[in-house]
Enquirer: 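Sharing a structure here in C-alpha coordinates format.
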Amino acid sequence: MTALAAGEESAVRPPSPLARPYRLATVGIIAVVGLLAFEQMAVGTAMPVAARDLHGVPLYAWAFSAVFIAGLVANVLSGGWADARGPARPLFTGLAVFVAGLLIVGAAPTMAWFIAGRAVQGLGSGLASVPLYVVVARVYPERSRPKIFAAMAGAWVVPSLVGPSIGGLVAQHFGWRWVFLGIVPLVVPAGLALAPTVRGLRADGAIPRGRMLTAVALAAGAALLLWGLDHRSVLALLAAVTGLAGLGYGVRELMPSGLVRLRRGLPTVIAMRGLLFGAMGGTEAFIPLALTSRFGFHPTTAGLVLTAGAIGWSAGSWWQGRFPGTSPARFAVAGAGLHAVGVAGVALSFHVSGWLTLPAWIVAGAGIGTAFPALSVLVLRLSGPDTQGTNSSAMQISDTLGSSLAVGIAGALVNAAGLNTGAVCTAVIAIVAALAAHRVEDSHA
(Lines give C-alpha, C1' and ligand atoms only; values in the text may rest on other atoms or scores of the structure.)
Protein backbone atom coordinates (compact mmCIF):
# COMPACT_ATOMS: atom_id res chain seq x y z
CA MET A 1 0.00 0.00 0.00
CA THR A 2 1.41 3.39 -0.92
CA ALA A 3 1.63 6.28 1.50
CA LEU A 4 -1.05 8.13 -0.48
CA ALA A 5 -3.39 5.15 -0.34
CA ALA A 6 -2.83 4.80 3.39
CA GLY A 7 -3.62 8.46 3.85
CA GLU A 8 -6.81 8.13 1.83
CA GLU A 9 -7.89 5.13 3.89
CA SER A 10 -7.21 7.05 7.11
CA ALA A 11 -9.33 9.94 5.87
CA VAL A 12 -12.22 7.61 5.10
CA ARG A 13 -11.94 5.31 8.13
CA PRO A 14 -11.57 7.28 11.39
CA PRO A 15 -9.45 5.79 14.17
CA SER A 16 -11.28 3.71 16.72
CA PRO A 17 -11.73 5.22 20.20
CA LEU A 18 -10.15 1.99 21.44
CA ALA A 19 -6.95 2.58 19.45
CA ARG A 20 -3.91 2.88 21.71
CA PRO A 21 -3.74 6.72 21.98
CA TYR A 22 -7.39 6.91 23.03
CA ARG A 23 -7.89 3.64 24.95
CA LEU A 24 -7.35 4.95 28.47
CA ALA A 25 -9.53 8.01 27.92
CA THR A 26 -12.31 5.87 26.44
CA VAL A 27 -12.27 3.42 29.36
CA GLY A 28 -12.53 6.32 31.83
CA ILE A 29 -15.35 8.05 29.95
CA ILE A 30 -17.32 4.82 29.65
CA ALA A 31 -16.84 4.12 33.37
CA VAL A 32 -18.27 7.51 34.41
CA VAL A 33 -21.11 7.37 31.88
CA GLY A 34 -21.89 3.82 32.98
CA LEU A 35 -22.09 4.92 36.61
CA LEU A 36 -24.51 7.76 35.88
CA ALA A 37 -26.50 5.46 33.58
CA PHE A 38 -26.80 2.75 36.21
CA GLU A 39 -28.06 5.27 38.75
CA GLN A 40 -30.70 6.59 36.38
CA MET A 41 -31.91 3.16 35.25
CA ALA A 42 -31.94 1.58 38.73
CA VAL A 43 -33.61 4.53 40.43
CA GLY A 44 -36.48 4.76 37.92
CA THR A 45 -38.14 1.56 39.09
CA ALA A 46 -37.61 2.36 42.78
CA MET A 47 -39.27 5.77 42.61
CA PRO A 48 -42.94 4.66 42.88
CA VAL A 49 -42.06 2.47 45.90
CA ALA A 50 -40.19 5.33 47.60
CA ALA A 51 -42.96 7.85 46.93
CA ARG A 52 -45.61 5.58 48.43
CA ASP A 53 -43.46 4.70 51.45
CA LEU A 54 -42.82 8.38 52.20
CA HIS A 55 -46.48 9.33 51.50
CA GLY A 56 -45.29 11.65 48.76
CA VAL A 57 -47.06 10.52 45.57
CA PRO A 58 -48.43 14.08 44.93
CA LEU A 59 -44.78 15.23 44.90
CA TYR A 60 -43.66 12.37 42.64
CA ALA A 61 -42.71 14.60 39.69
CA TRP A 62 -40.57 16.82 41.93
CA ALA A 63 -38.29 13.88 42.71
CA PHE A 64 -37.27 14.06 39.04
CA SER A 65 -37.57 17.82 38.49
CA ALA A 66 -35.33 18.57 41.50
CA VAL A 67 -32.47 16.69 39.81
CA PHE A 68 -32.90 18.59 36.57
CA ILE A 69 -33.35 22.05 38.10
CA ALA A 70 -30.29 21.72 40.34
CA GLY A 71 -28.39 20.42 37.35
CA LEU A 72 -29.03 23.68 35.48
CA VAL A 73 -26.83 25.66 37.88
CA ALA A 74 -24.21 22.91 37.91
CA ASN A 75 -24.10 22.76 34.10
CA VAL A 76 -23.29 26.47 33.84
CA LEU A 77 -20.67 26.36 36.58
CA SER A 78 -19.09 23.22 35.14
CA GLY A 79 -18.87 24.56 31.59
CA GLY A 80 -17.12 27.78 32.57
CA TRP A 81 -14.97 25.95 35.11
CA ALA A 82 -13.83 23.38 32.53
CA ASP A 83 -13.00 26.06 29.94
CA ALA A 84 -11.04 28.10 32.49
CA ARG A 85 -9.23 25.41 34.53
CA GLY A 86 -9.64 22.14 32.64
CA PRO A 87 -12.14 19.30 33.17
CA ALA A 88 -10.54 17.56 36.19
CA ARG A 89 -11.79 19.76 39.05
CA PRO A 90 -15.46 20.00 38.02
CA LEU A 91 -15.51 16.28 37.21
CA PHE A 92 -14.22 15.05 40.58
CA THR A 93 -16.12 17.69 42.56
CA GLY A 94 -19.27 16.56 40.79
CA LEU A 95 -18.70 12.90 41.65
CA ALA A 96 -18.18 13.80 45.33
CA VAL A 97 -21.38 15.88 45.45
CA PHE A 98 -23.23 13.09 43.64
CA VAL A 99 -22.24 10.66 46.43
CA ALA A 100 -23.47 13.13 49.06
CA GLY A 101 -26.84 13.26 47.32
CA LEU A 102 -27.12 9.47 47.26
CA LEU A 103 -26.47 9.34 51.01
CA ILE A 104 -29.09 12.01 51.76
CA VAL A 105 -31.72 10.24 49.66
CA GLY A 106 -30.89 6.84 51.16
CA ALA A 107 -31.42 8.18 54.69
CA ALA A 108 -34.40 10.47 53.90
CA PRO A 109 -37.10 10.36 56.63
CA THR A 110 -39.65 12.36 54.60
CA MET A 111 -40.43 13.17 50.97
CA ALA A 112 -39.05 16.68 51.49
CA TRP A 113 -35.65 15.25 52.48
CA PHE A 114 -35.87 12.82 49.60
CA ILE A 115 -36.38 15.65 47.10
CA ALA A 116 -33.57 17.68 48.70
CA GLY A 117 -31.21 14.73 48.30
CA ARG A 118 -32.25 14.35 44.68
CA ALA A 119 -31.40 18.03 44.14
CA VAL A 120 -27.90 17.41 45.54
CA GLN A 121 -27.61 14.46 43.16
CA GLY A 122 -28.52 16.81 40.32
CA LEU A 123 -25.78 19.25 41.33
CA GLY A 124 -23.26 16.42 41.29
CA SER A 125 -24.27 14.84 38.00
CA GLY A 126 -24.49 18.28 36.38
CA LEU A 127 -20.94 19.10 37.43
CA ALA A 128 -19.61 15.72 36.28
CA SER A 129 -21.34 15.41 32.90
CA VAL A 130 -20.15 18.55 31.07
CA PRO A 131 -16.40 17.79 31.49
CA LEU A 132 -16.86 14.53 29.62
CA TYR A 133 -17.70 16.46 26.45
CA VAL A 134 -14.68 18.70 26.99
CA VAL A 135 -12.49 15.59 27.26
CA VAL A 136 -13.92 14.31 23.96
CA ALA A 137 -13.27 17.66 22.29
CA ARG A 138 -9.66 17.89 23.50
CA VAL A 139 -8.57 14.26 23.24
CA TYR A 140 -10.24 12.92 20.08
CA PRO A 141 -9.97 14.26 16.51
CA GLU A 142 -13.29 15.27 14.96
CA ARG A 143 -13.42 12.30 12.59
CA SER A 144 -13.41 9.83 15.52
CA ARG A 145 -15.98 11.64 17.67
CA PRO A 146 -19.02 9.79 16.24
CA LYS A 147 -17.43 6.55 17.44
CA ILE A 148 -16.70 7.79 20.94
CA PHE A 149 -20.24 9.15 21.27
CA ALA A 150 -21.48 5.74 20.13
CA ALA A 151 -19.22 4.17 22.77
CA MET A 152 -20.71 6.49 25.39
CA ALA A 153 -24.18 5.32 24.37
CA GLY A 154 -22.90 1.75 24.49
CA ALA A 155 -21.99 2.35 28.14
CA TRP A 156 -25.75 2.27 28.76
CA VAL A 157 -26.08 -1.33 27.58
CA VAL A 158 -25.16 -3.16 30.82
CA PRO A 159 -26.96 -0.64 33.09
CA SER A 160 -29.97 -0.92 30.77
CA LEU A 161 -29.95 -4.70 31.01
CA VAL A 162 -29.49 -5.01 34.76
CA GLY A 163 -30.26 -1.56 36.26
CA PRO A 164 -34.08 -1.53 36.18
CA SER A 165 -34.35 -5.19 37.19
CA ILE A 166 -31.83 -4.82 40.02
CA GLY A 167 -33.53 -1.60 41.15
CA GLY A 168 -36.93 -3.30 41.13
CA LEU A 169 -35.66 -6.41 42.94
CA VAL A 170 -33.80 -4.43 45.59
CA ALA A 171 -36.77 -2.10 46.17
CA GLN A 172 -39.18 -5.02 46.33
CA HIS A 173 -37.17 -7.34 48.62
CA PHE A 174 -34.65 -5.20 50.54
CA GLY A 175 -36.11 -1.69 50.48
CA TRP A 176 -35.82 1.24 48.10
CA ARG A 177 -33.14 2.97 50.20
CA TRP A 178 -30.55 0.38 49.20
CA VAL A 179 -31.08 1.21 45.53
CA PHE A 180 -29.44 4.58 46.25
CA LEU A 181 -26.95 3.54 48.92
CA GLY A 182 -25.77 0.59 46.86
CA ILE A 183 -24.52 2.91 44.08
CA VAL A 184 -22.07 4.74 46.38
CA PRO A 185 -19.23 2.15 46.17
CA LEU A 186 -19.30 2.34 42.33
CA VAL A 187 -18.19 5.97 42.23
CA VAL A 188 -14.54 5.47 43.26
CA PRO A 189 -13.48 3.08 40.47
CA ALA A 190 -15.28 5.19 37.87
CA GLY A 191 -13.41 8.33 38.94
CA LEU A 192 -10.05 6.58 39.16
CA ALA A 193 -10.42 5.22 35.62
CA LEU A 194 -10.61 8.72 34.12
CA ALA A 195 -8.10 10.42 36.43
CA PRO A 196 -4.94 9.80 34.33
CA THR A 197 -6.51 11.41 31.27
CA VAL A 198 -8.03 14.54 32.80
CA ARG A 199 -4.92 15.43 34.84
CA GLY A 200 -3.14 16.46 31.66
CA LEU A 201 -6.00 18.63 30.33
CA ARG A 202 -5.34 21.90 32.15
CA ALA A 203 -6.13 25.50 31.36
CA ASP A 204 -5.42 28.86 32.98
CA GLY A 205 -8.32 31.21 32.44
CA ALA A 206 -10.93 33.13 34.39
CA ILE A 207 -14.18 31.51 35.49
CA PRO A 208 -17.14 33.56 34.19
CA ARG A 209 -18.75 34.18 37.58
CA GLY A 210 -21.46 36.45 36.18
CA ARG A 211 -23.00 33.45 34.43
CA MET A 212 -23.65 31.83 37.80
CA LEU A 213 -26.20 34.46 38.82
CA THR A 214 -27.91 33.99 35.49
CA ALA A 215 -27.96 30.23 36.04
CA VAL A 216 -29.56 30.72 39.46
CA ALA A 217 -32.22 32.92 37.86
CA LEU A 218 -32.86 30.25 35.24
CA ALA A 219 -33.15 27.44 37.79
CA ALA A 220 -35.29 29.53 40.14
CA GLY A 221 -37.51 30.48 37.22
CA ALA A 222 -38.03 26.83 36.31
CA ALA A 223 -38.83 25.93 39.93
CA LEU A 224 -41.30 28.80 40.35
CA LEU A 225 -43.03 28.01 37.06
CA LEU A 226 -43.46 24.34 37.94
CA TRP A 227 -44.66 25.14 41.46
CA GLY A 228 -47.15 27.63 40.07
CA LEU A 229 -48.49 25.11 37.55
CA ASP A 230 -48.97 22.53 40.29
CA HIS A 231 -51.17 24.78 42.46
CA ARG A 232 -54.32 26.81 41.95
CA SER A 233 -54.22 30.22 43.60
CA VAL A 234 -53.36 33.83 42.92
CA LEU A 235 -49.96 33.27 44.54
CA ALA A 236 -49.34 30.32 42.24
CA LEU A 237 -50.22 32.46 39.21
CA LEU A 238 -47.77 35.15 40.31
CA ALA A 239 -45.10 32.50 40.88
CA ALA A 240 -45.64 31.08 37.40
CA VAL A 241 -45.39 34.52 35.76
CA THR A 242 -42.24 35.33 37.75
CA GLY A 243 -40.83 31.95 36.80
CA LEU A 244 -41.45 32.61 33.11
CA ALA A 245 -39.58 35.90 33.40
CA GLY A 246 -36.61 34.17 35.05
CA LEU A 247 -36.62 31.49 32.38
CA GLY A 248 -36.71 34.05 29.60
CA TYR A 249 -33.80 35.98 31.06
CA GLY A 250 -31.71 32.86 31.64
CA VAL A 251 -32.32 31.43 28.18
CA ARG A 252 -31.44 34.75 26.55
CA GLU A 253 -28.16 35.06 28.46
CA LEU A 254 -26.95 31.45 28.56
CA MET A 255 -28.12 29.94 25.31
CA PRO A 256 -27.21 30.72 21.67
CA SER A 257 -29.07 33.62 20.12
CA GLY A 258 -32.04 32.44 18.09
CA LEU A 259 -32.70 29.28 20.13
CA VAL A 260 -36.37 30.08 20.80
CA ARG A 261 -36.87 30.94 17.11
CA LEU A 262 -35.09 27.73 16.09
CA ARG A 263 -32.56 29.56 13.97
CA ARG A 264 -30.65 27.17 11.71
CA GLY A 265 -27.38 25.73 12.96
CA LEU A 266 -26.21 25.74 16.58
CA PRO A 267 -29.39 27.29 18.11
CA THR A 268 -31.63 24.57 16.67
CA VAL A 269 -29.11 21.81 17.46
CA ILE A 270 -29.11 22.80 21.14
CA ALA A 271 -32.88 23.33 21.20
CA MET A 272 -33.33 19.85 19.74
CA ARG A 273 -31.46 18.34 22.67
CA GLY A 274 -33.93 19.92 25.10
CA LEU A 275 -36.99 18.92 23.12
CA LEU A 276 -35.87 15.31 22.72
CA PHE A 277 -34.71 14.99 26.31
CA GLY A 278 -37.95 16.56 27.50
CA ALA A 279 -40.10 14.12 25.53
CA MET A 280 -38.02 11.18 26.72
CA GLY A 281 -37.70 12.23 30.37
CA GLY A 282 -41.32 13.27 30.68
CA THR A 283 -42.48 9.92 29.31
CA GLU A 284 -39.98 7.71 31.12
CA ALA A 285 -40.73 9.27 34.52
CA PHE A 286 -44.35 8.09 34.42
CA ILE A 287 -44.01 4.71 32.69
CA PRO A 288 -43.29 2.79 35.96
CA LEU A 289 -46.07 4.68 37.78
CA ALA A 290 -48.57 3.89 35.01
CA LEU A 291 -47.57 0.23 34.72
CA THR A 292 -47.64 -0.43 38.48
CA SER A 293 -50.77 1.59 39.36
CA ARG A 294 -52.93 1.06 36.28
CA PHE A 295 -51.92 -2.35 34.96
CA GLY A 296 -50.74 -4.04 38.17
CA PHE A 297 -47.12 -4.64 37.10
CA HIS A 298 -44.53 -5.46 39.77
CA PRO A 299 -41.63 -2.95 39.99
CA THR A 300 -39.28 -5.57 38.50
CA THR A 301 -41.58 -6.14 35.52
CA ALA A 302 -42.03 -2.41 34.96
CA GLY A 303 -38.25 -2.12 34.94
CA LEU A 304 -38.09 -4.44 31.93
CA VAL A 305 -39.86 -1.80 29.85
CA LEU A 306 -37.28 0.83 30.77
CA THR A 307 -34.57 -1.71 29.98
CA ALA A 308 -36.01 -2.27 26.52
CA GLY A 309 -36.04 1.45 25.79
CA ALA A 310 -32.46 1.91 26.90
CA ILE A 311 -31.33 -1.03 24.78
CA GLY A 312 -33.09 0.60 21.83
CA TRP A 313 -31.14 3.80 22.61
CA SER A 314 -27.83 1.92 22.59
CA ALA A 315 -28.73 0.08 19.38
CA GLY A 316 -29.64 3.32 17.61
CA SER A 317 -26.41 4.98 18.69
CA TRP A 318 -24.33 1.95 17.66
CA TRP A 319 -26.01 1.92 14.25
CA GLN A 320 -25.34 5.59 13.49
CA GLY A 321 -21.73 5.17 14.64
CA ARG A 322 -21.18 2.69 11.80
CA PHE A 323 -21.56 5.44 9.19
CA PRO A 324 -19.05 8.16 10.18
CA GLY A 325 -19.11 9.72 6.71
CA THR A 326 -22.85 10.38 6.77
CA SER A 327 -24.09 13.87 7.57
CA PRO A 328 -25.08 14.01 11.26
CA ALA A 329 -28.09 16.12 10.26
CA ARG A 330 -29.61 13.09 8.53
CA PHE A 331 -29.35 11.05 11.71
CA ALA A 332 -30.88 13.89 13.71
CA VAL A 333 -33.92 14.01 11.41
CA ALA A 334 -34.37 10.24 11.27
CA GLY A 335 -33.88 9.80 15.03
CA ALA A 336 -36.30 12.56 15.98
CA GLY A 337 -38.97 11.05 13.73
CA LEU A 338 -38.54 7.59 15.27
CA HIS A 339 -38.66 9.04 18.78
CA ALA A 340 -41.91 10.88 18.05
CA VAL A 341 -43.50 7.65 16.77
CA GLY A 342 -42.39 5.77 19.88
CA VAL A 343 -43.55 8.38 22.41
CA ALA A 344 -46.93 8.65 20.66
CA GLY A 345 -47.12 4.85 20.86
CA VAL A 346 -46.53 4.96 24.63
CA ALA A 347 -49.36 7.47 25.01
CA LEU A 348 -51.64 5.12 23.05
CA SER A 349 -50.57 2.10 25.10
CA PHE A 350 -51.79 3.78 28.31
CA HIS A 351 -55.30 3.46 26.83
CA VAL A 352 -54.92 -0.14 25.68
CA SER A 353 -52.37 -2.42 27.39
CA GLY A 354 -49.25 -1.99 29.48
CA TRP A 355 -47.42 -4.57 27.38
CA LEU A 356 -47.79 -2.37 24.29
CA THR A 357 -45.62 0.15 26.11
CA LEU A 358 -42.59 -2.12 25.61
CA PRO A 359 -42.32 -2.08 21.78
CA ALA A 360 -43.28 1.58 21.67
CA TRP A 361 -40.52 2.47 24.13
CA ILE A 362 -37.98 0.45 22.14
CA VAL A 363 -38.79 2.55 19.06
CA ALA A 364 -38.54 5.76 21.11
CA GLY A 365 -35.17 4.67 22.51
CA ALA A 366 -33.82 3.77 19.07
CA GLY A 367 -34.83 7.19 17.81
CA ILE A 368 -33.13 9.13 20.54
CA GLY A 369 -30.06 6.91 20.29
CA THR A 370 -29.82 7.74 16.60
CA ALA A 371 -30.27 11.49 17.07
CA PHE A 372 -28.28 12.31 20.21
CA PRO A 373 -24.73 11.42 19.07
CA ALA A 374 -25.32 13.32 15.85
CA LEU A 375 -26.40 16.42 17.78
CA SER A 376 -23.32 16.13 20.04
CA VAL A 377 -21.06 15.98 16.97
CA LEU A 378 -22.73 19.06 15.52
CA VAL A 379 -22.29 21.05 18.74
CA LEU A 380 -18.54 20.34 18.88
CA ARG A 381 -18.17 21.03 15.16
CA LEU A 382 -19.66 24.49 15.70
CA SER A 383 -17.46 25.23 18.76
CA GLY A 384 -14.01 26.77 18.89
CA PRO A 385 -11.38 25.64 21.42
CA ASP A 386 -12.38 28.43 23.82
CA THR A 387 -16.13 27.70 23.62
CA GLN A 388 -16.17 23.91 23.87
CA GLY A 389 -17.06 23.97 27.56
CA THR A 390 -19.55 26.82 27.17
CA ASN A 391 -21.40 25.21 24.27
CA SER A 392 -21.28 21.77 25.93
CA SER A 393 -22.72 23.50 28.98
CA ALA A 394 -25.49 25.03 26.84
CA MET A 395 -26.22 21.58 25.47
CA GLN A 396 -26.48 20.14 28.99
CA ILE A 397 -28.60 23.10 30.12
CA SER A 398 -30.96 22.38 27.25
CA ASP A 399 -31.09 18.71 28.28
CA THR A 400 -31.86 19.44 31.92
CA LEU A 401 -34.20 22.36 31.26
CA GLY A 402 -36.16 20.34 28.73
CA SER A 403 -36.41 17.40 31.12
CA SER A 404 -37.38 19.46 34.18
CA LEU A 405 -40.07 21.43 32.36
CA ALA A 406 -41.48 18.38 30.59
CA VAL A 407 -41.59 16.24 33.74
CA GLY A 408 -43.00 19.09 35.81
CA ILE A 409 -45.67 20.10 33.29
CA ALA A 410 -46.61 16.48 32.66
CA GLY A 411 -46.75 15.91 36.42
CA ALA A 412 -49.08 18.87 36.88
CA LEU A 413 -51.31 17.50 34.12
CA VAL A 414 -51.25 14.02 35.68
CA ASN A 415 -52.30 15.45 39.06
CA ALA A 416 -55.05 17.50 37.44
CA ALA A 417 -56.39 15.22 34.72
CA GLY A 418 -54.68 11.80 34.89
CA LEU A 419 -51.85 9.86 33.28
CA ASN A 420 -53.29 9.97 29.77
CA THR A 421 -53.13 13.76 29.63
CA GLY A 422 -49.50 13.79 30.73
CA ALA A 423 -48.63 11.22 28.06
CA VAL A 424 -50.28 13.32 25.36
CA CYS A 425 -48.23 16.33 26.51
CA THR A 426 -44.91 14.53 26.04
CA ALA A 427 -46.07 13.15 22.68
CA VAL A 428 -46.69 16.72 21.48
CA ILE A 429 -43.16 17.72 22.58
CA ALA A 430 -41.71 14.78 20.61
CA ILE A 431 -43.63 15.78 17.49
CA VAL A 432 -42.35 19.37 17.76
CA ALA A 433 -38.80 17.98 18.01
CA ALA A 434 -39.33 15.92 14.85
CA LEU A 435 -40.53 18.99 12.96
CA ALA A 436 -37.63 21.13 14.22
CA ALA A 437 -35.00 18.54 13.24
CA HIS A 438 -34.99 19.75 9.64
CA ARG A 439 -33.31 22.98 10.78
CA VAL A 440 -30.16 21.47 12.31
CA GLU A 441 -28.11 21.73 9.12
CA ASP A 442 -24.77 23.38 9.77
CA SER A 443 -25.08 26.85 8.27
CA HIS A 444 -21.26 26.98 7.93
CA ALA A 445 -21.00 23.76 5.93
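Index from 1, following the sequence.
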Enquirer: Around atom CZ of R89, are there more than 12 heavy atoms of other residues, nucleotides or ligands at under 6.0 Å?
Expert: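 It does not: R89 CZ has 12 such atoms or fewer within range.
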
Enquirer: For G106, is there any backbone N or O sitting under 3.5 Å from a side-chain donor or acceptor partner on R177?
Expert: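 Yes; at least one donor-acceptor contact below 3.5 Å.
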
Enquirer: Between the side chain of S349 and the main-chain N/O of V346, is any donor-acceptor distance below 3.5 Å?
Expert: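 Checked: pair present.
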
Enquirer: Please report the interatomic distance OG1(T242) to CG(L247), rounded to the nearest 0.5 Å.
Expert: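 Between atom OG1 of T242 and atom CG of L247 there are 11.0 Å.
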
Enquirer: Measure the spacing between CE of M280 and CD1 of I429 and express it to the nearest 0.5 Å.
Expert: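 Spacing of CE (M280) from CD1 (I429) equals 12.0 Å.
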
Enquirer: Looking only at atom types and distance, does a side-chain atom of R264 sit under 3.5 Å from a main-chain N or O of H438, one as donor and one as acceptor?
Expert: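 Answer holds: yes.
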
Enquirer: Compare all side-chain heavy atoms of S78 with those of P131 and state whether any distance is below 4.5 angstrom.
Expert: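 The answer is yes; the side chains approach within 4.5 Å.
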
Enquirer: Under the criterion side chain to side chain contact (heavy atoms under 4.5 Å, CB included), I'd like the reasoning laid out for T93 against F98: C-alpha separation, chi angles, the key distance, then a yes or no.
Expert: CA-CA 9 Å; T93 302; F98 180 70; over 6 Å; no

Enquirer: Taking side chain as C-beta onward, heavy atoms only, is F64 less than 4.5 Å from F286?
Expert: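 No, side chains not in contact.
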
Enquirer: State, with a plain yes or no, whether a side-chain heavy atom of I166 is found less than 4.5 Å away from one of V179.
Expert: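 They are not in side-chain contact.
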
Enquirer: Looking at every non-hydrogen atom in both residues, tell me the closest pair between P373 and S317 and how far apart they are.
Expert: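 Looks like CG-OG, 3.2 Å.
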
Enquirer: Is there side-chain contact between V424 and L413, with at least one heavy-atom pair below 4.5 Å?
Expert: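 They are not in side-chain contact.
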
Enquirer: Check W176 against A50 and note the closest heavy-atom contact, atom names and distance.
Expert: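 Heavy-atom minimum between the residues: CD2-CB, 3.6 Å.
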
Enquirer: Between F114 and F180 (judged by ring centroids, cut-off 6.0 Å), do the two rings come close enough to count as a pair?
Expert: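 Ring-ring flag for F114/F180: true, centres closer than 6.0 Å.
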
Enquirer: Report the distance from atom CG of L102 to atom CZ of R118, rounding to the nearest 0.5 Å.
Expert: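 Rounded to the nearest 0.5 Å, the CG-CZ separation comes to 9.0 Å.
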
Enquirer: In Å and rounded to the nearest 0.5 Å, what is the OG to CG distance from S376 to L132?
Expert: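 One gets 11.0 Å once the value is rounded to the nearest 0.5 Å.
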
Enquirer: State, to 0.1 Å, how close A371 and A336 come at their nearest heavy-atom pair, and which atoms those are.
Expert: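 The answer is CB-N, 4.1 Å.
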
Enquirer: Which atoms form the tightest heavy-atom contact between I270 and S398, and what is the distance?
Expert: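 Taking every non-hydrogen atom into account, O-OG, 2.5 Å.
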
Enquirer: Please round to the nearest 0.5 Å and tell me the distance separating atom CE of M272 and atom CG of L375.
Expert: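 One gets 5.5 Å once the value is rounded to the nearest 0.5 Å.
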
Enquirer: Could you please spell out the steps behind the side chain to side chain contact (heavy atoms under 4.5 Å, CB included) verdict for Y249 and T214?
Expert: CA-CA 8 Å; Y249 170 73; T214 307; 3.7 Å; yes

Enquirer: Assess the residue pair L127 and L95 against the criterion (side chain to side chain contact (heavy atoms under 4.5 Å, CB included)); give the C-alpha distance rounded to whole Å, side-chain angles, the decisive distance to 0.1 Å, and a yes or no.
Expert: CA-CA 8 Å; L127 285 171; L95 292 177; over 6 Å; no

Enquirer: Please report the C-alpha distance between V251 and L401 in whole Å, then the side-chain angles of each, then the deciding distance to 0.1 Å, and finally whether the side chain to side chain contact (heavy atoms under 4.5 Å, CB included) criterion is met.
Expert: CA-CA 10 Å; V251 168; L401 183 61; 4.0 Å; yes

Enquirer: When the ring centroid of F372 is compared with that of F277, is the distance short of 6.0 Å?
Expert: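 Here the rings of F277 and F372 have centres that are less than 6.0 Å from each other.
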
Enquirer: Which value, rounded to the nearest 0.5 Å, describes the distance between W361 atom CH2 and I287 atom CD1?
Expert: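 Here the rounded value is 4.5 Å.
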
Enquirer: Please enumerate all residues that pass side-chain contact (heavy atoms from CB on, under 4.5 Å) together with H298, with sequence neighbours excluded.
Expert: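 Only Q172, T301 meet the side-chain contact (heavy atoms from CB on, under 4.5 Å) criterion with H298.
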
Enquirer: For W62, give me all partners under side-chain hydrogen bond (donor to acceptor under 3.5 Å, both in side chains), at least two apart in sequence or on another chain.
Expert: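 Checked W62 against side-chain hydrogen bond (donor to acceptor under 3.5 Å, both in side chains); zero matches.
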
Enquirer: Would you say the side chain of P90 lies within less than 4.5 Å of the side chain of V130, judging by non-hydrogen atoms?
Expert: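 Result no, sub-4.5 Å side-chain heavy-atom pair not found.
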
Enquirer: Tell me, do L225 and L405 make a side-chain contact under 4.5 Å, heavy atoms counted?
Expert: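 In short, these two side chains touch, coming nearer than 4.5 Å.
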
Enquirer: Would you mind reporting whether L338 and I368 have side-chain heavy atoms less than 4.5 Å apart?
Expert: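 Not in contact.
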
Enquirer: Taking atom CH2 of W178 as the centre, does the number of heavy atoms from other residues, nucleotides or ligands within less than 6.0 Å exceed 12?
Expert: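 It does not: W178 CH2 has 12 such atoms or fewer within range.
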
Enquirer: Short question: side chain of R294, backbone of F350 - any donor-acceptor pair under 3.5 Å?
Expert: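 Here the side-chain-to-backbone pair exists.
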
Enquirer: If you define the side chain from C-beta out and look only at heavy atoms, does anything of S129 sit under 4.5 Å from V32?
Expert: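 No, side chains not in contact.
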
Enquirer: To check you understand the geometry: which heavy-atom pair defines the closest contact between T268 and A436, and what is its length?
Expert: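 Residues T268 and A436, closest heavy atoms: CG2-O, 3.6 Å.
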
Enquirer: If you look at every heavy atom in A433 and L275, which pair is closest and at what distance?
Expert: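 The pair with the smallest heavy-atom distance is CB-CB, 3.7 Å.
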
